[in-house]
Chemist: 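First the structure, which I've put down as structure tokens, then a few questions once you've had a look.
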Amino acid sequence: VLPKTYVGQEDCSIARALEVLGERWTLLIMRDAFYGVRRFNDFIAHLDAPRTVLSTRLRTLVDDGLLRRECDPQHAGRSLYELTDAGRALWPALYALGAWGARYAAGPGEPKVYFRHLACGRPLDHTARCETCAVVPDPGDVLISPLRCDVPPARRDRVARGLARPHRLLDPLPAEADSTRGER
Ligand SMILES: [Zn+2]
């Protein structure tokens, strides 16, 4: 088993960030948290990650202070996962990683979504900045929108369906009314 820490790299802040974020699924969990996913079953529905792996990753993100676990008022005994300030601070880096991937790690197909500043409606640049307003908007002031409304999303899970129309980051997804459908 590989050690979790990067021995000899402790003075490098990239290495320290990777000790928190560098495991498989972790950044995709954070992505979905920005999209507004808060419940274990909704992460599962959208990620198809193994349940034990997702459970471990969520616990690590809570322990490392990126997510906060709260009681789910709608489901006794279950948890809601909310981004902490440290978690929210990852937004520009996560966004820039996606912009890099679109440019240099492109796979089959084109990007499916783009991100706009809520205040002015203009697309963000590759660093998550709104050129028009000269700010890097807080994720709560960003809209994720499908590039093409005439193409149905490849995935049909309830989170993907919620992203098939413009959606404000951090707003709960799926809508609270949908979240219990098909569970148990
Ligand atoms: Zn703007």
Side-chain angles (χ1 to χ4, degrees), residues 14 17-49 53-70 72 78-103 105 107 111-130 133 135-147 153-155 157-176 178-179:
I14 292 179
L18 287 175
E19 286 174 6
V20 178
L21 294 165
E23 290 186 290
R24 190 169 177 82
W25 295 109
T26 298
L27 283 175
L28 295 183
I29 293 167
M30 292 300 291
R31 175 200 68 185
D32 280 9
F34 281 107
Y35 288 174
V37 178
R38 301 188 302 160
R39 292 186 167 88
F40 185 88
N41 283 339
D42 292 330
F43 283 110
I44 285 284
H46 196 228
L47 290 171
D48 293 334
V53 174
L54 179 62
S55 182
T56 304
R57 296 291 181 273
L58 285 169
R59 194 179 322 126
T60 302
L61 285 166
V62 170
D63 290 346
D64 286 333
L66 280 79
L67 295 177
R68 180 172 51 240
R69 182 168 40 219
E70 293 172 0
D72 185 342
R78 296 196 196 173
S79 300
L80 285 180
Y81 295 91
E82 304 276 4
L83 288 160
T84 63
D85 288 348
R88 287 168 69 123
L90 185 66
W91 166 247
L94 191 63
Y95 177 92
L97 187 66
W100 182 90
R103 186 166 178 189
K112 303 284 192 298
V113 297
Y114 70 110
F115 296 85
R116 290 183 283 155
H117 187 197
L118 192 64
C120 69
R122 303 285 298 173
L124 305 184
D125 75 5
H126 66 287
T127 67
R129 178 181 159 90
C130 174
C133 304
V135 294
V136 175
D138 182 85
D141 295 325
V142 171
L143 274 180
I144 177 174
S145 303
L147 267 172
R155 295 188 59 94
D157 63 78
R158 54 188 179 266
V159 173
R161 291 200 303 274
L163 294 171
R165 61 188 82 90
H167 174 78
R168 185 178 182 164
L169 294 187
L170 306 181
D171 277 359
L173 191 72
E176 296 297 341
D178 299 343
S179 61

Chemist: Would you check, one step at a time, whether the test side chain to side chain contact (heavy atoms under 4.5 Å, CB included) holds for Thr84 with Leu67?
Modeler: CA-CA 5 Å; Thr84 63; Leu67 295 177; 5.6 Å; no
Chemist: How long is the span from the CG atom in Leu21 to the CD1 atom in Ile14, to the nearest 0.5 Å?
Modeler: 12.0 Å
Chemist: Can you tell me which residue among Arg24, Met30, Arg31 is in a side-chain contact (heavy atoms from CB on, under 4.5 Å) with Leu28?
Modeler: Arg31
Chemist: Between Tyr95 and Asp125 (side chain of the first, backbone of the second, donor and acceptor by atom type, cut-off under 3.5 Å), is there such a pair?
Modeler: yes
Chemist: Which heavy atom in Pro166 sits nearest to a heavy atom in Pro146, and how many Å separate them?
Modeler: N-CD, 4.0 Å
Chemist: Any non-hydrogen side-chain atom of His46 less than 4.5 Å from a side-chain atom of Leu173?
Modeler: no
Chemist: Should the pair Phe34 and Trp91 be assigned to parallel (<30°), tilted (30 to 60°) or perpendicular (>60°) ring geometry?
Modeler: tilted
Chemist: Just so I know, are the side chains of Arg122 and Arg116 near enough to count as touching, which here means a heavy-atom distance under 4.5 Å?
Modeler: no
Chemist: Heavy-atom distance under 4.5 Å between the side chains of Leu47 and Ile29, does that happen here?
Modeler: yes
Chemist: Can you tell if the side chain of Pro123 reaches within under 4.5 Å of the side chain of Phe115, non-hydrogen atoms only?
Modeler: no
Chemist: Quick one: CD1 on Ile144 to CG on Asp171, what's the gap to the nearest 0.5 Å?
Modeler: 12.0 Å
Chemist: Taking the side chain as C-beta and beyond, is there a heavy-atom pair between Pro174 and Asp42 under 4.5 Å?
Modeler: yes
Chemist: For Glu23 and Thr56, run side chain to side chain contact (heavy atoms under 4.5 Å, CB included): C-alpha distance rounded to whole Å, both residues' side-chain angles, the deciding distance at 0.1 Å, then the answer.
Modeler: CA-CA 11 Å; Glu23 290 186 290; Thr56 304; over 6 Å; no
Chemist: Considering the options Leu94, Leu169, Leu90, Leu83, which one meets the side-chain contact (heavy atoms from CB on, under 4.5 Å) requirement together with Pro139?
Modeler: Leu169
Chemist: Which atom names give the shortest non-hydrogen contact between Thr26 and Val20, and what distance separates them?
Modeler: CG2-O, 3.9 Å
Chemist: Does the side chain to side chain contact (heavy atoms under 4.5 Å, CB included) test come out yes or no for Asn41 and Arg78, once each step is laid out?
Modeler: CA-CA 10 Å; Asn41 283 339; Arg78 296 196 196 173; 3.2 Å; yes
Chemist: Working to the nearest 0.5 Å, report the span between OG of Ser145 and NE2 of His167.
Modeler: 10.5 Å
Chemist: Between Arg57 and Leu27, does a side chain to side chain contact (heavy atoms under 4.5 Å, CB included) hold up when you go through it step by step?
Modeler: CA-CA 10 Å; Arg57 296 291 181 273; Leu27 283 175; over 6 Å; no
Chemist: Check this for me: Leu147, atom CG, are more than 12 non-hydrogen atoms of other residues, nucleotides or ligands nearer than 6.0 Å?
Modeler: yes
Chemist: Mind checking the OG-CZ spacing from Ser79 to Phe40? Nearest 0.5 Å is all I need.
Modeler: 10.0 Å
Chemist: Decide yes or no for Leu54 and Trp25: does some side-chain heavy atom of the first lie under 4.5 Å from some side-chain heavy atom of the second?
Modeler: no
Chemist: How many angstroms lie between CG in Leu118 and CG in Leu143, if you round to the nearest 0.5 Å?
Modeler: 4.5 Å
Chemist: Do the side chains of Arg155 and Asp48 get close enough for a salt bridge, i.e. N-O under 4.0 angstrom?
Modeler: yes
Chemist: With a 4.0 Å cut-off on N to O distance, would you call Asp72 and Arg38 a salt bridge?
Modeler: no
Chemist: Can you name the closest pair of heavy atoms from Pro92 and Ala128 and give their distance?
Modeler: CA-CB, 4.1 Å
Chemist: What's the shortest heavy-atom distance between His117 and Pro137, and which atoms?
Modeler: CD2-CG, 3.4 Å
Chemist: I'd like to check Arg88 versus Asp138 (side-chain heavy atoms, cut-off strictly below 4.5 Å). Are they in contact?
Modeler: yes
Chemist: Check whether any side-chain heavy atom of Val142 sits under 4.5 Å from a side-chain heavy atom of Arg168, and report yes or no.
Modeler: no
Chemist: Ignoring hydrogens and angles, tell me if any N or O in the side chain of Asp157 forms a donor-acceptor pair with the backbone of Ala160 under 3.5 Å.
Modeler: yes
